[in-house]
Each structure stands twice: as C-alpha cells, then as structure tokens.
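Below is one structure, written out as structure tokens; the observations come after it.
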Amino acid sequence: MVVYYLSRLKLQALLRLENFYVAWAIKTKSTQMKHEDDFEANLAGDEGTSEESKTSWFKRIKKGILTSTAEKKEAPEGLWTKCPSCNYICTVTELRENLFVCPKCNHHHRIGSSEYFDILFNDGEYEVFYENIRSKDFLHFTDLKSYQQRLEETWEKTDITDSIRIAAGNVKDHHLVVGSMDFEFIGGSLGSVMGERISRAIDLCLERQSPLLIICKSGGARMMESAFSLMQLAKVSGKLSQLTDAKIPYISLLTDPSFGGISASFGMLGDLNIAEPGALIGFAGPRVIKETIKKDLPEGFQRSEFLLEHGFLDFIVNRKELKEKVATLLTLFKN
Ligand SMILES: [Zn+2]
C-alpha cells in the first residue's frame with residue numbers, strides 16, 4: 001500500500017514538472033517571437049505589431065492559440081483594401097487603376113519599383129540593369145539573426161534583388177534612366193549595393209547622355225553594413241558631380257518615407273528636388289525628435305507640404321501627373 005501511494009505521488013510530481021516545463025517553453029518561444037516581430041516592424045518603420053507594443057482590445061486568454069504574426073496566413077492579394085488615411089474601402093483593381101492613389105482622399109499608397117516603372121515608361125517597356133550585384137555580409141553582422149540569413153530570407157520572400165532597381169526607357173519623347181527604391185527590401189535601406197547600382201546608373205547616363213531620376217523610399221543607411229553603408233553617401237554624391245560637369249540633369253523624387261542617409265545626401269542633391277503629397281521626409285523621425293527636444297512638433301511636421309513651405313522642395317507632384325510633369329521638365333532642361 002505504502003509503495004502504491006509513493007509511486008502515485010511520484011507520478012503526480014512528474015506530471016506537474018512536465019506541465020511546468022511545457023508552459024515555460026511556450027512562454028519563452030512567444031516572447032522571442034514578439035521581439036522578432038517588433039524588430040522587423042522597426043526595420044520597416046512601422047510600429048510594433050505585438051501585444052506589448054500596442055494596447056490591444058483583445059487579450060489572448062486561451063493558451064492554445066499561439067500563432068505569431070509571421071505564421072499567420074495572408075489573405076490572397078486582390079479583392080479589397082482599406083485606405084490607411086480615410087478608411088475608404090475599394091478593390092485593389094480600382095486602386096491600381098487609380099495608380100495607388102486613394103480616390104477619396106488622395107492618399108498616396110506606398111508602391112514599389114515595378115509600379116513606378118509602369119507608371120513612368122511608355123507602354124510599361126523598360127530595360128532593367130545590374131540585377132547581378134548582390135549584398136554580402138562582410139562584417140558577419142548578427143542582430144536577431146545573421147545579416148546573411150536576413151538577406152536570403154528577403155530574396156526568397158520578395159523576388160527583389162536589393163533595395164534599389166535601375167531601369168532605362170522612354171518617358172514620352174525622352175530617354176530616361178530611373179533608380180527606384182523598394183521599401184520592402186530591408187526598409188529600402190542604403191547599402192553598398194544601392195551605392196554601386198546608382199553609381200553605375202550614373203555611368204549609363206553619361207554614356208547615353210540621358211537624364212537621371214531617383215525615386216527615394218527608404219529608412220536610411222543599412223546598419224548591417226555599418227561604415228560600408230555610410231561610404232555610399234560620399235561615393236554617390238561624388239558621382240553626381242560628374243553628371244553636373246556633363247550638364248546632365250538629375251531629378252530627385254522623394255516619396256513616403258525618405259529618411260536618414262538618403263535625405264542627408266543624394267535625396268536632396270537633385271537639380272530639382274520634388275516630392276509626392278503627404279510624404280514623410282526628414283533626417284531623424286518625428287518620434288525621435290519629439291523625445292529629444294521634449295516638445296510637441298507643429299502640425300504636418302516633416303510632411304512634404306511643410307518642407308515645400310520652408311524651401312526644401314521645388315514642388316509637389318501628384319502621382320497621376322508624374323509622367324506628364326517629368327516629361328515637361330525634361331523638355332525644359334533640353335531647351
Ligand atoms: Zn483615403
């Protein structure tokens with residue numbers, strides 16, 4: 001009898017221990033995932049999506065549901081989309097036809113390089129260059145995961161080879177070389193590949209006597225490349241002076257968002273610096289500035305309208321008029 005009780009007690013203790021271990025393992029894993037989500041969101045310039053960073057309306061009380069944001073099944077592309085500015089709901093097809101500008105409030109949705117190329121070039125025909133230049137993890141940089149792993153995952157996830165793509169084609173009657181950034185590739189960050197691609201694009205401009213347009217959409221320098229990333233500021237700025245010497249125009253189009261090393265160098269070095277309506281443009285973000293100076297910022301601070309008023313920009317261009325305006329500018333430069 002005694003033996004029976006003892007063995008039962010042992011069994012219960014064991015079961016309790018196992019339960020405790022499982023609960024601990026689940027907790028550690030979900031905290032780790034939360035941190036990863038927040039880190040990714042930070043890179044992309046968004047606010048965190050985990051429960052910790054946002055006061056949520058619903059709390060997960062039931063222990064069984066443990067799907068992290070990364071594992072959630074995405075709804076198929078298409079069907080419906082909601083404007084983040086006015087909550088207007090329309091189909092993706094309708095939005096696409098409207099060049100990703102909200103039909104109701106004129107909010108310019110963030111789009112990638114292929115969309116810009118389609119908007120700009122006649123009949124959507126263009127040549128893409130330097131796709132073979134790829135990033136490398138020279139510093140063996142590791143944050144939550146190694147830079148090499150981050151790169152490989154992004155390549156797999158996006159089909160984009162780096163944060164800028166260079167294309168050349170005709171815009172109305174003009175030949176134009178365009179570099180357009182993709183925010184989904186590590187926040188459109190400026191790394192050595194972006195620097196090299198822009199500098200080769202400038203060589204292409206010199207060779208073809210073609211003007212250059214760079215469409216900026218970036219959070220700034222790529223921290224995983226550290227000093228190599230910062231060197232690109234000087235490199236591109238230096239190369240741009242060759243365009244000036246050859247009297248070839250360079251237009252910089254700043255879109256939402258353009259920050260850090262981009263706005264601190266070639267983003268603001270255009271013969272014309274233009275921007276899309278309502279784009280956030282600056283060096284440090286509003287949150288950082290507010291925390292540093294401990295004061296509330298004026299309304300519309302760092303938006304393109306604010307910058308235009310303060311003399312940073314030449315004009316603001318609606319996406320629907322972009323092609324027309326660029327073609328007019330190129331005609332004016334030619335004469
Ligand atoms: Zn809207």
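The structure presented is a predicted model; accordingly, all values stated were derived computationally and were not measured. Excluded from the calculations below are hydrogen atoms, water molecules and symmetry mates; all remaining heavy atoms, backbone and side chain alike, are included.
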For this session: Enter the distance from His174:NE2 to Asn122:CG here, rounded to the nearest 0.5 Å.
Result: 10.0 Å
Problem set entry | Side chains of His140 and Ser146, donor plus acceptor under 3.5 Å | no
Exercise. In Å and rounded to the nearest 0.5 Å, what is the OG to CD1 distance from Ser304 to Ile281?
Worked result: 5.0 Å
Seminar exercise, completed: Exactly one candidate in Ile111, Leu95, Asn106 meets side chain to side chain contact (heavy atoms under 4.5 Å, CB included) with Val101; the answer is Asn106
Exercise. Strictly under 6.0 Å, is that where the ring centroids of Phe121 and Tyr126 end up?
Worked result: yes
Exercise. Are Leu240 and Leu212 close enough that some pair of their side-chain heavy atoms sits under 4.5 Å apart?
Worked result: yes
Problem set entry | Ring centroid separation Phe259 to Phe283 under 6.0 Å | no
Exercise. Thr161 and Arg197: which non-hydrogen atoms are nearest, and at how many Å?
Worked result: OG1-NH2, 3.0 Å
Problem set entry | Residues Thr255 and Lys217: side-chain donor-acceptor under 3.5 angstrom | yes
Exercise. Going from CG on Leu307 to CG on Leu254, what distance comes out if it is rounded to the nearest 0.5 angstrom?
Worked result: 8.5 Å
Seminar exercise, completed: Residues Gly300 and Phe306: closest non-hydrogen pair is O-CB, 3.2 Å
Problem set entry | Audit row: Thr158, Glu184, side chain to side chain donor-acceptor pair (under 3.5 Å) steps and yes/no | CA-CA 8 Å; Thr158 59; Glu184 46 174 337; 5.5 Å; no
Exercise. Phe183 ring centre to Arg110 NZ or CZ under 6.0 Å, with the angle to the axis within 45°?
Worked result: yes
Exercise. Side-chain donor-acceptor pair under 3.5 Å between Arg165 and Ser114, yes or no?
Worked result: yes
Exercise. Does a donor on one side chain sit under 3.5 Å from an acceptor on the other, for Arg96 and Thr91?
Worked result: no
Exercise. Trp155 ring centre to Arg134 NZ or CZ under 6.0 Å, with the angle to the axis within 45°?
Worked result: yes
Exercise. Should we say atom CD of Glu299 is surrounded by more than 12 heavy atoms from elsewhere, each under 6.0 Å from it?
Worked result: no
For this session: Measure the OG-CZ distance between Ser180 and Phe117 for me, rounded to the nearest 0.5 Å.
Result: 5.0 Å
For this session: May I ask you to check whether over 12 heavy atoms, not counting those of Gln149, lie within 6.0 Å of atom CD?
Result: yes
Exercise. Say you draw a straight line from CG of Leu253 to OG of Ser258; how long is it, rounded to the nearest 0.5 Å?
Worked result: 8.0 Å
Exercise. Any donor-acceptor pair under 3.5 Å linking the side chain of Asn170 with the backbone of Asp173?
Worked result: no
Exercise. Should we count CG of Asp245 as having more than 12 external heavy atoms under 6.0 Å?
Worked result: yes
Problem set entry | Side chains of Asp182 and Ser113, donor plus acceptor under 3.5 Å | yes
For this session: Kindly confirm or rule out a cation-pi arrangement of Lys325 over Phe315, judged by NZ or CZ under 6.0 Å from the six-membered ring centre and within 45° of its axis?
Result: yes
For this session: Give a yes or no answer on whether the side chain of Asn273 reaches the backbone of Gly270 with a donor-acceptor pair at less than 3.5 Å.
Result: yes
For this session: Classify the ring geometry between His107 and His109 as parallel (under 30°), tilted (30 to 60°) or perpendicular (over 60°).
Result: perpendicular
Exercise. Looking just at side-chain N and O atoms, do Ser192 and Glu225 make a donor-acceptor pair shorter than 3.5 Å?
Worked result: yes
Exercise. Rounded to the nearest 0.5 Å, how far does CG of Asp162 lie from CD1 of Ile133?
Worked result: 9.5 Å
